[in-house]
Amino acid sequence: MEIIRFADLKPEPWRNGGGVTRQIAGHPGTAPGPGAASGHNGVSGHDGGWDWRVSIAEVSKAGDFSPFPGMERVLTVVEGELLLLTVDGAEHPLEKYRAFRFSGEASTTCALPTGDVRNLNVITRAGKYKGFTSIIELSKKRAHPLFAGQLGVLLQGQATAADETHGPAALDRYDAVVGSDSGSPEILGRGFLAVVSIDEVTG
């Protein structure tokens with residue numbers, strides 16, 4: 001069972017001073033960190049040869065998002081009240097736990113009408129991978145399994161992760177559990193879990 005501890009992730013400050021990003025996972029695993037050429041959204045605007053990336057960004061300043069040609073994005077506010085996203089001229093008020101999909105090529109800016117927010121970002125290469133983010137409420141009686149191609153990120157509350165060979169391990173906020181089809185880890189507790197799925201596009 002693999003647990004990615006949020007406290008161990010390296011914070012990457014944005015070039016414009018608007019926030020900080022911590023990369024949870026990416027493919028390939030050698031994907032460049034976001035610090036070198038980061039725009040307002042805290043991740044590199046140039047094509048670094050990666051196909052998908054999952055990160056958490058702390059946004060403290062309004063501004064532009066870096067373009068991601070050939071990519072698709074799913075953004076979910078996981079802390080804070082509201083992020084006002086303008087995509088190709090259209091305004092989209094994003095409330096907490098509402099996943100929003102948009103093109104990485106779109107001209108995108110953000111405003112913070114209610115103060116700082118923290119976002120869960122999923123970026124995938126269009127036509128090769130498709131990313132999804134679902135927010136579920138955890139239960140102490142019914143465990144939630146995580147399968148291959150999934151990450152479970154604890155957003156709020158108290159929870160443990162366990163599988164066939166590992167006993168319950170306590171999760172801290174924003175810790176991520178890597179799914180598996182062999183002895184799938186299960187999450188048990190109270191609170192909210194983001195389940196990020198990265199599906200390979202076939203056909």
Side-chain angles (χ1 to χ4, degrees), residues 1-4 6 9 21-29 31 34 41-43 47 50-57 59 65-80 82-83 85 87-88 90 92-106 108 110 117-139 142-157 159 161 171 173-182 184-189 191-203:
M1 182 173 65
E2 183 180 356
I3 299 176
I4 302 167
F6 184 72
L9 300 180
T21 290
R22 290 173 174 84
Q23 182 173 313
I24 297 173
H27 177 76
N41 54 336
V43 282
D47 185 347
W50 48 274
D51 288 327
W52 61 263
R53 191 182 295 182
V54 179
S55 64
I56 289 180
V59 188
F65 275 32
S66 297
F68 281 86
M71 298 290 187
E72 186 177 60
R73 306 186 60 159
V74 179
L75 184 152
T76 308
V77 176
V78 296
E79 191 174 334
L82 181 68
L83 176 69
L85 209 63
V87 181
D88 283 342
H92 302 273
L94 304 187
E95 298 177 342
K96 187 176 180 181
Y97 295 167
R98 177 195 163 196
F100 179 72
R101 184 184 302 276
F102 60 105
S103 170
E105 300 180 13
T108 305
C110 77
V117 298
R118 186 169 281 180
N119 301 327
L120 176 63
N121 297 294
V122 180
I123 306 176
T124 54
R125 187 171 299 282
K128 192 168 185 180
Y129 290 92
K130 192 84 172 177
F132 301 88
T133 300
S134 301
I135 309 299
I136 66 162
E137 187 170 1
L138 292 169
S139 167
R142 186 177 181 182
H144 186 86
L146 295 170
F147 303 105
Q150 294 185 329
L151 284 170
V153 183
L154 181 64
L155 302 180
Q156 184 178 317
L171 299 177
R173 194 174 194 184
Y174 302 126
D175 284 352
V177 181
V178 181
S180 171
D181 285 339
S182 175
S184 299
E186 296 186 331
I187 313 299
L188 202 64
F192 291 93
L193 184 79
V195 179
V196 175
S197 301
I198 306 292
D199 295 344
E200 191 168 0
V201 176
T202 58

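No hydrogens, no waters, no symmetry mates; every other heavy atom, side chains included, goes into these values. A quick note: this is a predicted structure, and the numbers were derived from the prediction, not measured.
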Work out which heavy atom in [X] is nearest to a heavy atom in [Y]; give both atom names and the distance.
X      : Y      : answer
Ser66  : Arg73  : O-NH1, 3.9 Å
Leu193 : Gly152 : CD1-C, 3.8 Å
Pro28  : Trp50  : CD-CA, 3.6 Å
Ile3   : Ala161 : CD1-CB, 4.4 Å
Asp175 : Phe6   : OD1-N, 2.9 Å

N/O donor-acceptor pair under 3.5 Å between Asp181 side chain and Ala148 backbone: yes
Option passing side chain to side chain contact (heavy atoms under 4.5 Å, CB included) with Leu154 (candidates Val177, Leu138, Ile187):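 Among the candidates, only Leu138 passes.
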What pairs with [X] under side chain to side chain contact (heavy atoms under 4.5 Å, CB included), at least two apart in sequence or on another chain?
X      : value
Ser180 : Ser182, Pro185
Ile24  : Ile4, Leu9, Val54, Ile56, Leu120, Leu151, Val153, Ala176
Asp51  : His27, Arg125, Lys128, Tyr129
Ser139 : Lys141, Arg142

Considering only heavy atoms from C-beta outward, does the side chain of [X] approach that of [Y] to under 4.5 Å?
X      : Y      : answer
Val74  : Val196 : no
Leu94  : Val117 : no
Leu146 : Ser184 : no

[X] [atom1] to [Y] [atom2] distance, which is reported to the nearest 0.5 Å:
X      : Y      : atom1 : atom2 : result
Thr21  : Arg53  : OG1   : CZ    : 9.5 Å
Thr108 : Asp88  : OG1   : CG    : 6.5 Å
Gln150 : Ser197 : CD    : OG    : 4.0 Å

Glu79: salt bridge (charged side-chain N to carboxylate O under 4.0 Å, His left out) partners, not counting sequence neighbours: Arg118, Arg173
Please tabulate, one pair per line, all N/O donor-acceptor pairs under 3.5 Å involving side-chain atoms of residues 97-105, not counting sequence neighbours.
unit_1: Tyr97; atom_1: OH; unit_2: Gln156; atom_2: OE1; d: 3.2
unit_1: Arg98; atom_1: NH1; unit_2: Pro93; atom_2: O; d: 2.7
unit_1: Arg101; atom_1: NH1; unit_2: Glu72; atom_2: OE1; d: 2.9
unit_1: Arg101; atom_1: NH1; unit_2: Gly131; atom_2: O; d: 3.0
unit_1: Arg101; atom_1: NH2; unit_2: Gly131; atom_2: O; d: 2.9
unit_1: Ser103; atom_1: OG; unit_2: Glu105; atom_2: N; d: 3.1
unit_1: Glu105; atom_1: OE2; unit_2: Gly70; atom_2: N; d: 3.0

